[in-house]
Visitor: 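This is the structure I have questions about; it appears just below.
Counting from 1, the numbers follow the sequence of the chain as shown.
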Amino acid sequence: MEIPSELIPFLRSSGRIVALTGAGVSQESGLRTFRDPMEGLWAQYRPEDLATPEAFERTPELVWEFYARRRLKAGEVQPNAGHLALAEMERHVPHFTLVTQNVDGLHQSAGSENVVELHGNITRVKCSHGCGVFSEWEEIQGKAPTCPACGAKLRPDVVWFGEMLPGDELATAVQATRTCAVFFSIGTSGLVQPAAALPLLAKQTGAVLVEINTELTPLTPSVDYFFQGKAGEILPELVRAVWG
Ligand code: OAD
């Protein structure tokens with residue numbers, strides 16, 4: 001991979017960096033992205049059929065089963081070289097914010113500390129009526145358990161299609177984006193709002209945009225640097241070249 005020579009000192013002297021990550025970063029850990037077809041019994045469904053409040057209302061057991069399997073899978077896999085390189089980057093950059101759309105917790109397992117989870121985390125559950133009871137999944141027994149406070153169904157603490165993002169997380173992400181010198185968009189198709197708007201906001205406020213993806217995306221024409229390839233290969237090389 002060729003790293004443009006001016007980018008290396010620029011990144012080294014950038015005190016404020018934001019990295020937005022998507023399912024592509026976890027792909028090399030063995031987790032499927034949202035655009036990959038589902039396997040086996042689940043092949044008949046699209047994520048949009050299962051990851052909605054309406055689906056949960058209609059078939060809570062099915063939705064629990066879907067998330068239970070995803071959680072099991074996420075618990076079985078390890079962070080990959082891309083996750084580890086982002087954790088390493090954070091150690092070198094005074095103000096580093098990792099904004100992720102992933103719900104698998106792999107960035108934290110890799111050692112990233114300043115992580116903003118825009119779409120929640122599948123290891124937690126919450127009351128579907130908003131009691132705000134958050135528990136670890138392990139404590140929950142049964143297929144579609146109920147809230148100890150109000151008796152409503154408990155659900156995974158993730159953002160479903162058509163739902164608002166958690167306000168504090170979004171505000172933190174927007175604030176970091178507005179003030180960063182460099183914004184990385186890594187392993188995300190850039191199709192789902194409002195996360196997809198963050199790179200363009202960064203650009204409007206003067207940041208340099210860097211994209212890492214195996215494919216071109218709708219964002220690619222707007223970026224300053226595009227590295228085509230796997231996050232688990234490009235990120236370690238970039239971190240080594242800049243801070244190694
Ligand atoms: P997608 O599945 O939409 O996109 C994954 C992106 O990663 C694609 O652009 C791939 O080309 C790229 N990719 C795949 N493997 C890669 C690799 N090894 N290295 C680098 N890039 C790779 O996933 P997201 O963009 O995360 O929302 O999807 C965004 C949101 O849409 C998700 O958080 C989810 C989904 O609907 C909710 O659940 C609310």
Side-chain angles (χ1 to χ4, degrees), residues 1-4 7-8 11 17-39 42-43 46-48 51 70 73-74 76-90 96-112 115-119 122 161 173 177 180 182-200 202-203 207-244:
M1 175 186 74
E2 181 120 359
I3 304 174
L7 186 60
I8 295 176
L11 284 173
I17 295 183
V18 172
L20 170 70
T21 64
V25 172
S26 294
Q27 186 268 341
E28 290 161 82
S29 291
L31 298 181
R32 51 172 292 283
T33 72
F34 286 89
R35 316 297 146 194
D36 292 334
M38 292 203 278
E39 293 157 359
W42 299 97
R46 295 169 305 152
E48 292 87 339
R70 285 189 63 194
K73 184 84 182 139
E76 283 168 357
V77 302
Q78 300 297 323
N80 64 56
H83 295 108
L84 295 170
L86 285 167
E88 175 72 16
M89 198 187 286
E90 181 173 5
F96 183 83
T97 309
L98 204 164
V99 180
T100 189
Q101 299 164 89
N102 298 343
V103 296
D104 53 38
L106 287 176
H107 284 303
Q108 291 90 332
S109 307
S112 286
V115 181
V116 179
E117 290 179 322
L118 285 183
H119 292 167
I122 48 169
F161 291 97
T177 299
C180 70
V182 182
F183 188 102
F184 282 90
S185 177
I186 310 166
T188 173
S189 57
L191 296 172
V192 174
Q193 295 293 354
L198 293 174
L200 297 171
K203 195 174 167 101
V208 166
L209 274 187
V210 184
E211 184 178 37
I212 299 172
N213 201 302
T214 47
E215 311 284 340
L216 277 68
T217 73
L219 180 68
T220 312
S222 308
V223 304
D224 298 291
Y225 298 96
F226 177 63
F227 295 100
Q228 185 159 19
K230 294 184 170 183
E233 292 170 7
I234 289 172
L235 278 167
E237 206 175 315
L238 196 65
V239 168
R240 209 175 310 118
V242 177
W243 293 285

Visitor: Got a second to check how far Ile122's CD1 is from Arg70's CZ, nearest 0.5 Å?
Guide: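 The distance works out to 5.5 Å.
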Visitor: Give me the one residue out of His107, Gln101, Gln108 that meets side-chain hydrogen bond (donor to acceptor under 3.5 Å, both in side chains) with Glu117.
Guide: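 Only one option passes, and that is Gln108.
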Visitor: Determine whether a donor-acceptor pair (N or O, by modelled atom type, separation under 3.5 Å) exists between the side chain of Asn80 and the backbone of Gly82.
Guide: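 Present.
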Visitor: Could you grab the distance from atom CZ of Phe161 to atom CZ of Arg46, nearest 0.5 Å is fine?
Guide: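 It is 9.0 Å, given to the nearest 0.5 Å.
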Visitor: Would the distance check show the side chain of Thr220 and the main-chain N or O of Thr217 forming a donor-acceptor pair, the cut-off being under 3.5 Å?
Guide: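 Pair found, side chain donor or acceptor close to backbone of Thr217.
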Visitor: Taking Thr188's backbone N and O only, do any of them form a donor-acceptor pair with Asn213's side chain (distance below 3.5 Å, no angle check)?
Guide: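 Judged by distance alone, yes, a pair lies under 3.5 Å.
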Visitor: So how far is it from Leu20 CG to Ser185 OG, rounded to the nearest 0.5 Å?
Guide: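 Separation between the atoms: 5.0 Å.
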Visitor: Enter the distance from Leu11:CG to Trp243:CH2 here, rounded to the nearest 0.5 Å.
Guide: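 Leu11 CG to Trp243 CH2: 5.0 Å, rounded to 0.5 Å.
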Visitor: Show the atom names and distances, to 0.1 Å, of all donor-acceptor pairs under 3.5 Å that link a side chain in residues 226-240 to residues at least two apart or in another chain.
Guide:
{"residue": "Gln228", "atom": "NE2", "partner": "Thr214", "partner atom": "O", "Å": "2.9"}

Visitor: Donor-acceptor check, side chain of Ser29 to backbone of Gln78, threshold 3.5 angstrom: yes or no?
Guide: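 It does hold such a pair.
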Visitor: How long is the span from the CG atom in Leu219 to the CG atom in Leu209, to the nearest 0.5 Å?
Guide: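 Taking CG in Leu219 and CG in Leu209, the distance rounds to 6.0 Å.
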Visitor: With rounding to the nearest 0.5 angstrom, report the NE2 to OG distance, His83 to Ser26.
Guide: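 These two atoms lie 3.5 Å from each other.
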Visitor: Name the residue from Val208, Val210, Leu198 that meets the side-chain contact (heavy atoms from CB on, under 4.5 Å) definition with Phe183.
Guide: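 Output: one option passes, namely Leu198.
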